[in-house]
Amino acid sequence: MGTSSSKHSDGSNGGQLYVSLRLENWNNAELVPHVYGSVPIIGSWDSSKALSMERDSASSWELSFVVPSNHETLDFKFLVKPKDGDLPCFVEEGPIRVLKGGALEEDMRVALFKIKSANGEEVVVECSVFLNEDFVSPFDLAASWRAYQENLQPSRVRGIPDVVMNVAPHNNTEEQDGPTGGLELDLEQYVIPAPTAHAAATYAANLTEDPRSKLHSRILSQKYANGTISGSHDNVEKDRDVRVLEPSTSSQSAMTEWKSTGVTTLQKQDGQRAVFVERGVGSPRVFRSTHTSSCNGDLIRVDSDAEAMPAAVGAVAAAAVADQMHEPKEHRNLAIVLVGLPARGKTFTAAKLTRYLRWLGHETKHFNVGKYRRIKHGANQAAEFFRSDNREGIEARNEIAALAMEDMLDWMEEGGQVGIFDATNSTKSRRKMLMKMAEGKCKIIFLETICNDERVIDRNIRLKVQQSPDYADEPDFEAGLRDFKERLKNYEKAYEPVEEGSYVKMIDMVTGHGGRLHVNNISGYLPGRIVFFLVNTHLTPRPILLTRHGESLDNVRGRIGGDSVLSEKGELYSKKLANFIEKRLKNEKTASVWTSTLQRSILTASPIVGFPKIQWRALDEINFGACDGMTYEEMKKNMPDEYESRMKDKLRYRYPRGESYLDVIQRLEPVIIELERQRAPVVVIAHQAVLRALYAYFADRPLAEIPHLDVPLHTIIEIQMGVTGVQEKRYKLMDGVQFPL
């Protein structure tokens, strides 16, 4: 006799009805048990369309399927026939079996088959029938589907080591008339326009913060003119108007966009204004009006979104919470104050550090004092303006430095976390002034850049004269060169190395060879991360090539996640990519290829020879968790709440038992550090979500844009890193299936 078991009640939990049929005691190897019947199993009583049962053991066969929980009836019968044919076919004896609401209408009965043997004799075979049914969640169904798919098709890359070189693909033999991956000799014909003009075409200092109020500098001129504070800081607060920076509605540049989740201003009854900016990490902050030292308990907290998640996760968020609970208030904000002679790479270092911290989720802005000076006094200041004995010049430069510092401190009060203060700051008196202004408001770390390589200095000087707005109106390059060298001599005469406070000295770190890093009085999570980043950064020019794997079978089916192999188009792209790499990096002997551990990435890289190939688990696609293997239509139908949550905020949305884009960013940090440390070209063959996050780092795109960045199939994004910043070029080798992620 058979048995039937039921664990569900009424299906009100919103799950799917999972039915498992098992037939036991069938030992005929030539005939395979099948099931056929009405919707939703087959929808036809045609025996040729019957579903084959899977062998569970030597004499046990099973078929599992899912039906809607509100289905009325399911009619079916067993039959046996050859696996690859329709005849002979033997249907079980007895009436049609009826499954209603997950239970059979009659007691479970054995299945009787009358089989004719080869000599014409009729043999009766009796098989036990078992039925199990239960309501299961879509999460469990998706996880089971993924496991089934992985077991159904064994991985084709199981035997490939994590690090391999000069290994051709196992199936690299092509038919004589098969498609090849040949490319034209001139790779430039594959170049396509980048989505946006890259910031590298602009002088780096021009991409820094604009002065908040170009007029209030007259207030500061009397207080900071000599590099000292002539009045109390409280008086400055009274004289200064409250300035509230509204969120940007359009992006002028990647360097000047707000990445906080919202800025809210309130008009109080007495006309005073208060502002709260959600920082993205750490706890919400409460602000008082700057016009009075007491609000009589009238503190205002404004949440821009009660359900908003922080703009960072993992270690970044944990460190922010710890700082809120344990660190002094002024240490919750950090000012990185650059120190160094002109043409030592301060602005370039500041821009890279700003990009890195923003990408991790820290509210960071870059304030360049030279930009303030050009706005206030014009760009055509001769070398005399920078002489150490020019009192008027010193007063003007200190005034501008104080103005920039005030703007940075104001921004920190509104929610900013890390300010990069970019100037020479080459005297102790200037640095003392900045520390006095920062007292009780933020922690200062001086970052001194020192370079003793005359070749590097000469190259930087020439780039400065070519690109700086200070010499935009100077038609004679040699005249500009002489003026800048004279300016440099003026700074050298008054230069005083950093010996006070917390500091980091970068000595000859431009090339990364033989450089030194001196660290003094540095502690805390974020300062530690900054030091680690600076240790691994350099200016050696090299390309980084980013590309998605070739088109996979899951791409064709519109399914997310999984570990499927390449389609025919994907295999063709892998050959074209190998030819591209051979032509593009033919003179690069130390390049390397990085892939994920998923087989579609490894198989795309397999035709590439001559370079080491390294598998990174950190480069695996975003973990779709319970949704792995689904289409978005299936997710929308079976998990409508999850689908809507994802559509509302793709950056922060975390798939059930999976990851969010913010999670991906956190696990990619070691990859970014290693890419910064590499001095040779790197080819990264990964996945859409991962490459969006990597590309956002190099292009300095806001976090909110990452889930929407364009990273199409069969396209190579070349990132050129060097002393002039980051430049981008795209090559499209062929078309491929596209669907949003």
Side-chain angles (χ1 to χ4, degrees), residues 157 160 164-169 171-174 178-195 198 541-552 555 565-596 598-616 619 675 678 680-688 690-692 694-695 698-699 710-722 726-738:
V157 300
I160 299 179
V164 64
M165 184 170 181
N166 289 334
V167 175
N171 57 344
N172 199 34
T173 57
E174 300 178 9
T180 65
L183 295 177
E184 298 295 332
L185 185 62
D186 183 13
L187 297 181
E188 291 299 314
Q189 67 173 312
Y190 298 100
V191 174
I192 61 174
H198 203 276
R542 76 278 190 196
I544 295 173
L545 305 179
L546 308 177
T547 184
R548 289 173 64 184
H549 56 80
E551 179 187 83
S552 70
N555 288 144
V565 297
L566 301 179
S567 68
E568 290 185 4
K569 277 189 174 182
E571 291 178 355
L572 177 58
Y573 176 70
S574 69
K575 300 167 189 173
K576 288 181 175 289
L577 176 63
N579 286 332
F580 178 91
I581 298 302
E582 181 183 3
K583 290 178 170 64
R584 177 64 183 84
L585 303 180
K586 61 182 178 180
N587 297 322
E588 301 288 350
K589 305 301 181 183
T590 57
S592 58
V593 179
W594 299 357
T595 72
S596 74
L598 299 176
Q599 58 179 343
R600 57 188 182 273
S601 172
I602 299 172
L603 292 173
T604 302
S606 60
I608 302 173
V609 295
F611 303 108
K613 286 173 277 191
I614 304 165
Q615 297 177 26
W616 283 68
L619 291 175
L675 285 173
Q678 291 284 317
V682 177
V683 181
V684 180
I685 303 175
H687 310 269
Q688 183 166 240
V690 168
L691 292 180
R692 279 172 168 167
L694 292 178
Y695 175 79
F698 292 112
D710 184 30
V711 184
L713 281 171
H714 303 163
T715 302
I716 300 166
I717 303 174
E718 179 177 327
I719 304 294
Q720 186 69 43
M721 300 179 65
V726 178
Q727 297 175 324
E728 174 189 350
K729 181 184 286 187
R730 294 197 175 200
Y731 304 86
K732 188 171 185 62
L733 303 190
M734 55 185 290
D735 293 325
V737 173
Q738 304 292 338

Please lay out, stage by stage, how Leu713 and Tyr573 fare under the test side-chain contact (heavy atoms from CB on, under 4.5 Å). CA-CA 9 Å; Leu713 281 171; Tyr573 176 70; over 6 Å; no
Take Phe580 and Ile716 through the test side-chain contact (heavy atoms from CB on, under 4.5 Å) and record every step on the way to the result. CA-CA 10 Å; Phe580 178 91; Ile716 300 166; 3.4 Å; yes
Arg600 vs His687, side-chain contact (heavy atoms from CB on, under 4.5 Å): CA-CA, chis, key distance, verdict: CA-CA 9 Å; Arg600 57 188 182 273; His687 310 269; 3.5 Å; yes
Worked check of side-chain contact (heavy atoms from CB on, under 4.5 Å) between Ile608 and Ile685: CA-CA 11 Å; Ile608 302 173; Ile685 303 175; 4.1 Å; yes
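Nearest heavy atoms, Lys586 versus Lys583: CG-O, 3.5 Å. For Phe698 against Val726, the heavy-atom pair with the smallest separation is O-CG1, 3.7 Å. When every heavy atom of Leu619 is checked against every heavy atom of Val690, the shortest pair comes out as O-CG2, 3.6 Å. Taking both residues in full, the closest heavy atoms of Pro543 and Glu718 are given as CB-OE2, 4.0 Å, listed atom of the first, atom of the second, then distance. A pairwise comparison of heavy atoms in Ala591 and Pro612 identifies O-CD, 3.4 Å as the closest pair. Shown here for Arg548 and Leu691, the closest heavy-atom pair between the two residues is N-CD1, 3.4 Å.
In this structure, the side chain of Thr547 engages the main chain of Thr715 through a donor-acceptor pair within 3.5 Å. Judged by distance alone, the side chain of Thr595 and the main-chain N or O of Ser601 form no donor-acceptor pair under 3.5 Å. A donor-acceptor contact shorter than 3.5 Å is absent between the side chain of Lys569 and the backbone of His714. The backbone N or O of Gly550 sits less than 3.5 Å from a side-chain atom of Thr604, completing a donor-acceptor pair.
For the atom pair Ser606 OG and Lys575 NZ, the distance stands at 10.0 Å (nearest 0.5 Å). Going from atom CG of Asn579 over to atom CG of Leu733 covers 9.5 Å, rounded to the nearest 0.5 Å. Note: Ile719 CD1 to Lys729 NZ = 12.0 Å, rounded to the nearest 0.5 Å. Note that the CH2 atom of Trp594 and the CG atom of Leu546 stand 10.5 Å from one another [nearest 0.5 Å].
Using a 4.5 Å heavy-atom cutoff, the side chains of Glu728 and Arg730 are in contact. Looking only at side-chain heavy atoms (C-beta outward), Ile581 and Phe611 come within less than 4.5 Å of each other. Proximity of Gln599 to Ile160: side-chain heavy atoms (C-beta onward) are nowhere separated by under 4.5 Å. With a 4.5 Å cut-off on side-chain heavy atoms, Leu585 and Val683 count as touching. Side chains of Thr590 and Arg542 form no contact here, defined as non-hydrogen atoms less than 4.5 Å apart.
Listed by chain and number, the residues in a side-chain hydrogen bond (donor to acceptor under 3.5 Å, both in side chains) with Gln615 amount to none (sequence neighbours excluded).
In the displayed structure, Glu582 atom CD is contacted under 6.0 Å by at most 12 heavy atoms of other residues, nucleotides or ligands.
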